[in-house]
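Let me begin by presenting the structure, written as structure tokens, before commenting on it.
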Amino acid sequence: MSNSIALYHPSAGVQPKTNPFGKDVANVELFRAVLRYGDYEQIDFLVGADVTAEALVGGLLGAEPARPRVAVASLMDQRPAVAGGALVRGHPDLADMAWYRRGAGLDHSYSMLGMVHTLAPPAMREIISKAAISPIQPWDALICTSPTVQDALGTMFDEFTDYLADRYGGDVKVRPQLPLLPLGVEGKAFAALADRPDARASVREELGAAPDDIVVLWVGRLSFFEKAFPQPMFRAAEEAARATGVRVHFAMVGWFPNDERDRAWYQEAAQAYGPSITTHFLDGNDRDLVGRMWAGGDIFLSLVDNIQETFGITPLEAMAAGLPVVVSDWDGYRYTVRDGVDGFLVRTLGGPIATGQGMINRHLFAGLAYQAYVGAVAQHTAVNVGDAAARIADLIRSPELRAKMREAGRRRVRETFDWPVVVRGLQDLTQELAAIRTASAPVAAKHQYNPVKREPFAAFAGFPTSVLNTSTRVWLRDGVSLADLEATKGVHLDQFASGWHASHEESATVMAMLAERGPLTVGQLIEQAGNGRRQLVALSIVWLCKLGLLDWSPS
């Protein structure tokens with residue numbers, strides 16, 4: 001097994017303290033879990049921030065020490081990926097990275113693994129599809145967190161590569177591996193939060209919930225356009241309360257994207273569809289409150305209806321906390337929750353195929369915002385209210401059923417979705433990809449660089465009269481001395497983008513050589529620089545010409 005792994009973590013930070021998006025939480029939790037449970041000697045974080053390894057670990061683990069050594073490197077440094085054989089990115093965009101790997105001649109040196117967090121945005125699907133037209137290799141992977149995502153991506157790549165074959169001829173169909181690897185939860189941590197009788201009693205008292213009342217719990221973003229329209233949940237809880245004669249509290253713990261408007265709309269819907277239940281809107285950014293609600297709840301309810309959702313971590317958190325769950329039969333929920341074992345899956349109904357073309361066309365061409373687009377799709381996706389109400393009522397009536405599902409759900413998390421299990425799955429996956437890479441023949445790379453994204457001096461070589469090369473001759477202009485170079489230090493415009501060419505001292509060396517020897521070729525001037533500096537010196541020569549300190553001729 002490789003003793004290191006590279007993790008692509010541009011921000012080098014932790015999840016936002018308020019209103020976090022699921023993908024941000026998921027990526028941070030994955031990296032945190034790899035630090036805690038990964039069987040590695042070293043973990044290299046590729047970052048775009050000025051941060052030390054100690055600060056990065058402290059941000060992710062607090063005072064808890066990391067098991068492996070941790071190092072940080074630039075986002076552009078491929079050496080850690082080569083050393084570990086794998087680079088993991090919490091985003092599915094691998095196309096540019098594949099070209100970057102090829103440009104360095106490293107096609108066969110390491111595997112790239114991207115995480116798929118959503119498939120709904122057309123722009124995201126286009127990003128993912130570029131894997132079929134970039135130098136992705138059979139030892140690269142797009143990690144799918146549920147079988148539904150896996151199937152949907154497989155279908156998309158089949159259709160896209162068929163189109164390419166039909167358009168351009170040929171039968172080579174390129175795609176990355178599409179392995180199944182779920183997100184995880186810290187099972188013991190959620191169990192510890194839930195198994196606190198004092199916390200349960202105190203938070204239920206705050207809600208006004210008597211010991212025999214039932215608290216139905218939702219946790220997550222309160223977004224009708226990107227998560228779930230709440231009306232079916234209000235109505236199902238209302239019907240369950242009426243059927244059982246038990247007082248029901250529905251606690252929606254989360255945050256509103258548009259607080260003033262959305263809160264009013266949710267309250268209006270709660271009054272319309274759940275008039276006899278007590279609905280609470282609680283602050284999901286209050287981590288202490290969220291933790292106490294895991295202790296205070298009796299049933300978890302999440303009737304998601306949105307194509308933006310692909311996995312859904314909160315049902316797993318609820319199962320780890322020991323709550324039976326009632327969730328929609330939808331994407332990742334169908335994978336994580338076993339119907340009748342850990343909780344119940346509620347039937348869903350999508351709109352007729354082809355009737356959504358106008359919705360996506362409005363998004364693509366007429367300015368309809370993405371949120372409005374997926375919200376329109378969700379508004380025309382049904383969750384069976386009667387089934388949901390019946391299952392909630394079954395759980396209300398039977399403490400024994402709740403207890404049985406409590407144990408089943410915790411066991412399910414422990415065996416399949418606990419972070420140590422998921423991290424082992426990630427390590428197994430990287431080893432499988434390494435075996436494919438090792439067994440593969442060397443890659444014959446006819447095209448080293450992306451023709452669509454060539455570096456600018458090549459892409460636009462036809463714009464200038466000529467292009468600097470090693471045979472270009474340069475010389476000092478009459479009357480120019482090193483004092484003119486020194487004067488550039490006081491001109492802000494002269495110093496713009498100075499990090500892209502050689503140092504002041506190296507530029508002075510170029511001018512001194514020309515003063516002593518007369519006109520020289522660029523090849524002669526850069527020969528004195530080390531291998532790692534020659535390109536920078538060449539750019540300095542162009543810069544000196546720009547400022548009128550040097551003149552040139554093509555040869």
Side-chain angles (χ1 to χ4, degrees), residues 10-13 44-56 71-80 96 99-100 103-106 448-450 453-555:
S11 70
D44 293 281
F45 284 90
L46 306 188
V47 301
D50 184 13
V51 65
T52 64
E54 292 75 18
L56 191 150
V72 295
S74 163
L75 292 174
M76 310 302 293
D77 191 345
Q78 298 189 75
R79 290 173 298 179
D96 286 338
W99 280 110
Y100 184 58
L106 298 174
Q448 188 177 6
Y449 301 105
N450 186 348
K453 297 181 179 180
R454 288 297 307 275
E455 62 90 8
F457 297 116
F460 304 104
F463 283 31
T465 308
S466 60
V467 172
L468 189 86
N469 57 55
T470 55
S471 66
T472 303
R473 293 180 63 80
V474 296
W475 57 89
L476 281 180
R477 295 186 69 221
D478 290 344
V480 170
S481 70
L482 288 176
D484 296 291
L485 176 62
E486 193 68 22
T488 65
K489 291 181 177 180
V491 181
H492 284 93
L493 284 177
D494 291 348
Q495 298 308 308
F496 175 77
S498 60
W500 291 102
H501 57 245
S503 68
H504 182 85
E505 291 72 22
E506 288 169 312
S507 295
T509 298
V510 167
M511 292 183 64
M513 289 177 65
L514 293 172
E516 178 183 351
R517 298 170 57 184
L520 295 171
T521 66
V522 170
Q524 290 170 316
L525 288 168
I526 68 174
E527 189 177 12
Q528 48 81 30
N531 286 333
R533 306 294 297 176
R534 289 176 181 170
Q535 287 188 353
L536 299 177
V537 173
L539 286 172
S540 280
I541 292 171
V542 180
W543 174 70
L544 292 170
C545 289
K546 181 183 191 68
L547 298 182
L549 304 186
L550 304 184
D551 203 342
W552 75 93
S553 67
S555 62

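For clarity, every value in this text was computed on a predicted model and none was experimentally measured. Here, residue 1 is the first one in the sequence, and each next residue gets the next number.
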Flag yes if more than 12 heavy atoms outside [X] fall under 6.0 Å of its [atom1] atom; otherwise flag no.
X: Q495; atom1: CD; value: yes
X: E516; atom1: CD; value: no
X: Q528; atom1: CD; value: yes

Minimum heavy-atom separation for [X] to [Y], with atom names?
X: W475; Y: P519; value: CB-CG, 3.8 Å
X: S540; Y: A502; value: OG-N, 2.8 Å
X: L549; Y: D484; value: CD2-CB, 3.7 Å
X: L46; Y: P80; value: CD2-CG, 3.9 Å
X: W500; Y: L539; value: O-CD1, 3.3 Å
X: V474; Y: C545; value: CG1-SG, 4.4 Å

From [atom1] ([X]) to [atom2] ([Y]), nearest 0.5 Å:
X: T509; Y: L482; atom1: OG1; atom2: CG; result: 9.0 Å
X: I526; Y: R533; atom1: CD1; atom2: CZ; result: 13.0 Å
X: E527; Y: M513; atom1: CD; atom2: CE; result: 8.5 Å
X: L525; Y: I541; atom1: CG; atom2: CD1; result: 4.5 Å
X: T521; Y: R473; atom1: OG1; atom2: CZ; result: 7.0 Å
X: L544; Y: W552; atom1: CG; atom2: CH2; result: 12.0 Å

Original post:
Yes or no on side chain to side chain contact (heavy atoms under 4.5 Å, CB included) for D96 and Y100, after CA distance, side-chain angles and deciding distance?
Top reply: CA-CA 6 Å; D96 286 338; Y100 184 58; over 6 Å; no
**OP:** Please test T472 against S466 for side chain to side chain contact (heavy atoms under 4.5 Å, CB included), starting from the C-alpha separation and ending with a verdict.
**Re:** CA-CA 9 Å; T472 303; S466 60; over 6 Å; no
Subject >> Flag, side chain of R477 to backbone of D551, donor-acceptor distance under 3.5 Å >> reply: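 Checked: no pair found.
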Original post:
Side chains of E486 and H504: is there a donor and an acceptor less than 3.5 Å apart?
Top reply: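 H504 and E486 do have a side-chain donor-acceptor pair below 3.5 Å.
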**OP:** Starting from the C-alpha separation in whole Å, work towards a yes-or-no answer on side chain to side chain contact (heavy atoms under 4.5 Å, CB included) for F457 and V542.
**Re:** CA-CA 12 Å; F457 297 116; V542 180; over 6 Å; no
**OP:** Test side chain to side chain contact (heavy atoms under 4.5 Å, CB included) on D44 and R79 and set out the steps.
**Re:** CA-CA 10 Å; D44 293 281; R79 290 173 298 179; over 6 Å; no
